[in-house]
Amino acid sequence: MTHYDYIIAGGGSAGCVLANRLSADPSTRVLVLEAGRPDSLWDIFIHMPAALTYPIGSPFYDWMYESEPEPYMHNRRISHGRGKVLGGSSSINGMIFQRGNPMDYERWGADAGMERWNYAHCLPYFKRMETCLAGADAFRGGNGPLILERGPATNPLFRAFFEAVQQAGYPLTDDVNGYQQEGFAKFDRNIHRGRRLSAARAYLHPILSRPNLTVKTRAFVHRILFDGTRAVGVEAKVGGKLEKIYGGEVIVSGGAINSPQLLQLSGVGNARELQTVGVPVVHDLPGVGENLQDHLEVYVQYACTQPVSMSPALKWYNKPWIGFQWLFFRRGPAATNHFEAGGFVRSNEDVAYPNLMFHFLPVAIRYDGSLPSGGHGYQVHVGPMYSDARGSVKLKSADPTVKPALRFNYLSTAQDRREWVEAIRCARHILTQPAFAEFNGGEISPGPDVQSDWDILKWVGYDGETAYHPSCTCKMGTDEMAVIHPDTMRVHGLDGLRVVDASAMPYVTNGNIYAPVMMLAEKAADLIAGNTPLAAEFTPFYRHVKK
């Protein structure tokens, strides 16, 4: 029987980073267990950037979670796609690379025990993981596994968008991941030479030949095995057979939904709730599954009067030629995610840094690939970044195949509702500027009849979708609801068990969370391996000054 030093439960974004960094020591044996399928090179739905609408919502690639009925969203169940494939959600996401605002990490670092997670301590890990093709500098890395290509944004609608945001009173910025996030710019993307560059492709595949690294797909971890309060291995279904696998440490990297579920299935969580579903309690830790945070978003869509949008690329009769261009030359409409530009703004003067995010698309389309009626169009994805609503992930059953109950409580707070009204008014303010006059064919969604605050919130309740950023359900910290110790990533009160993924974040960051998760995993790898952490870099960054 092989004994591993580290068993990593989850081959997603964080798991791929950990596998790479921890197996760099040839004396360390590392096992990665991924419940999903391999990210086969022939699978165009993973590797073609424009095919991102296909794996989301497909049981072959997606866990296909959904929330419990959300009481402030007309009791709708909100679909939540999470990657069920090597690379995790980085193999099916929108490929947008956003670090978040430096003030996000200042907020992290302000909590008790979190001092070494402020921006100065996180910046060197962001830089270590990047190769920013736009240029390395004091903020950006130039020699990391993640190759970042900036969106070309050459469509005439992008030109109009950049002019419109300035007419609306907002600045442009050189790099939303650099000195100044606030403003609008071309976006970095996890695309290289026309292909998706997932965490698996960047971190895992280049080192699969290491003899001390074992990666198993279709290996579903059911529970963590304990000897008293020490984790000693896992029970997993591998190739249809349930087996026990032992190791020196278990690192849970299943993401903000799977990780708290696995801890709870293993007897770690709120003791009273675990007993209710028949799970024997190993350790009473009430913060497991609490503090769930996410970003909700909507599409504000306009018809386009000129034939310049990407709509023709979606016609069935154009797809063979577009596919040919991508397969043989890695170019054309299939070689981009089309999320090539956007930005961050403050919706009111009371917030210290941007609380709204915009993605601009030169086509009117939903994330699932469905189109509104009509032809050419364009849209912004918009939503508040810092909702104070909090949700939870709870077991429904002791059966690991039963999905947990997800409650996000979207729109449940006064702050959330106020910022949603501001977000829609801000989006309309931008899209009705003179720069769009030659293209503006009228608002498709939400439509001109939706004007009052009440109408806007009603529409958001019916139309809002997740931006796929669940996080914070096993948060780092030292307070009574913290789950992870910030200096070691160990689960409080237990030995041999750590959690490294989006669930460890104490607060959701501003923007897409893939980049923060990768940074967190890079830093965690040093903490776990006992390496000297990278030296903090106290590089000044932009701070808004109230007038």
Side-chain angles (χ1 to χ4, degrees), residues 4-25 28-34 36 39 82-83 85-93 95 97-100 105 117 121-132 141 143-148 188 190 192 196-208 210 212-217 249-256 258-259 471 474 476 484 486 488-490 498-505 509 512-531 533-534:
Y4 298 95
D5 296 287
Y6 298 107
I7 299 172
I8 301 171
S13 300
C16 289
V17 176
L18 294 172
N20 181 303
R21 299 306 188 189
L22 294 177
S23 67
D25 177 354
T28 300
R29 296 191 64 85
V30 178
L31 171 66
V32 178
L33 298 173
E34 166 55 43
D39 62 328
R82 309 307 302 155
V85 59
L86 199 62
S89 294
S90 77
S91 290
I92 68 169
N93 67 10
M95 292 156 280
F97 185 89
Q98 304 286 1
R99 289 181 175 183
Y105 306 100
W117 286 92
H121 287 83
C122 292
L123 178 58
Y125 286 98
F126 276 121
K127 292 170 68 176
R128 182 169 82 174
M129 71 191 196
E130 292 179 351
T131 294
C132 180
N143 195 34
L146 291 182
I147 302 171
L148 305 174
D188 289 324
N190 296 106
H192 182 50
R196 175 194 293 272
L197 187 65
S198 69
R201 289 289 152 182
Y203 277 85
L204 199 56
H205 285 279
I207 52 96
L208 281 178
R210 289 177 181 171
N212 61 324
L213 173 64
T214 302
V215 178
K216 296 184 179 182
T217 55
E249 292 201 32
V250 176
I251 306 173
V252 178
S253 296
N258 291 87
S259 286
S471 51
C474 297
M476 292 187 286
I484 309 302
T488 63
M489 310 306 291
R490 285 197 174 96
R498 313 194 201 224
V499 178
V500 180
D501 55 31
S503 70
M505 299 164 65
T509 52
N512 303 71
I513 65 170
Y514 173 64
V517 168
M518 299 296 278
M519 176 279 297
L520 186 150
E522 283 273 14
K523 184 172 167 63
D526 274 350
L527 297 176
I528 293 168
N531 299 332
L534 299 181

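In this structure a side-chain-to-backbone donor-acceptor pair under 3.5 Å is missing from S89 to R82. Side chain of R196 to main chain of S91: a donor-acceptor pair is present (N/O by atom type, distance under 3.5 Å, no hydrogens or angles). A donor-acceptor contact shorter than 3.5 Å links the side chain of N212 to the backbone of S23. Here the side chain of D501 pairs a donor or acceptor atom with the backbone of S503 at under 3.5 angstrom. Between the side chain of D526 and the backbone N or O of P533, no donor-acceptor pair lies under 3.5 Å. Judged by distance alone, with hydrogens and angles left aside, the side-chain atoms of R128 form no donor-acceptor pair with the main-chain N or O of K523 at under 3.5 Å. Y125 places a side-chain N or O within donor-acceptor distance of the main-chain N or O of L534, the cut-off being under 3.5 Å. At least one donor-acceptor pair under 3.5 Å links the side chain of R201 to the backbone N or O of D39. Formation of a donor-acceptor pair under 3.5 Å by the T131 side chain with backbone atoms of G144 is found in this model.
The two residues P145 and L197 make their nearest non-hydrogen contact at O-CD2, 3.9 Å. Across all non-hydrogen atoms, the minimal contact from S471 to I513 is CB-CD1, 4.3 Å. Between P206 and A200 the shortest heavy-atom distance is CD-O, 4.3 Å.
For N531, the CG atom sits in a packed shell: over 12 heavy atoms of surrounding residues, nucleotides or ligands are nearer than 6.0 Å.
Atom OG of S253 sits about 11.0 Å away from atom CG of N258, to the nearest 0.5 Å. Atom CD1 of I251 and atom CD1 of I528 lie 4.0 Å apart (nearest 0.5 Å). Atom CE of M505 sits about 8.5 Å away from atom CE of M476, to the nearest 0.5 Å. Within the model, atoms CZ of R498 and CG of L18 stand 10.0 Å from one another, a figure rounded to the nearest 0.5 Å. Within the model, atoms CZ of F126 and CG of L520 stand 9.0 Å from one another, a figure rounded to the nearest 0.5 Å. Between atom OH of residue Y514 and atom CE of residue M95 there is a gap of 11.0 Å, rounded to the nearest 0.5 Å.
Under the 4.5 Å side-chain criterion, counting only non-hydrogen atoms from C-beta, R21 is not in contact with V30. Counting only heavy atoms from C-beta outward, the side chains of V17 and M129 never approach each other to under 4.5 Å. With contacts defined as side-chain heavy-atom distances shorter than 4.5 Å, the pair D188/E130 does not qualify. Between V32 and T214 there is no side-chain heavy-atom pair separated by less than 4.5 Å.
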Take R210 and N20, measure what side chain to side chain contact (heavy atoms under 4.5 Å, CB included) needs, and give me the verdict at the end. CA-CA 10 Å; R210 289 177 181 171; N20 181 303; 4.3 Å; yes
Does F97 form a side chain to side chain contact (heavy atoms under 4.5 Å, CB included) with M518? I'd like the steps, not just the answer. CA-CA 10 Å; F97 185 89; M518 299 296 278; 5.8 Å; no
T509 vs Q98, test: side chain to side chain contact (heavy atoms under 4.5 Å, CB included). Steps then yes/no. CA-CA 9 Å; T509 52; Q98 304 286 1; over 6 Å; no
Show, in sequence, the C-alpha distance, side-chain angles and deciding distance for K216 and L31, and conclude whether the side chain to side chain contact (heavy atoms under 4.5 Å, CB included) test is met. CA-CA 8 Å; K216 296 184 179 182; L31 171 66; 4.2 Å; yes
Ignoring hydrogens and angles, write down the donor-acceptor pairs under 3.5 Å from the side chains of residues 5-16, residues two or more places apart or on other chains.
unit_1 : atom_1 : unit_2 : atom_2 : d
D5     : OD2    : R29    : N      : 2.6

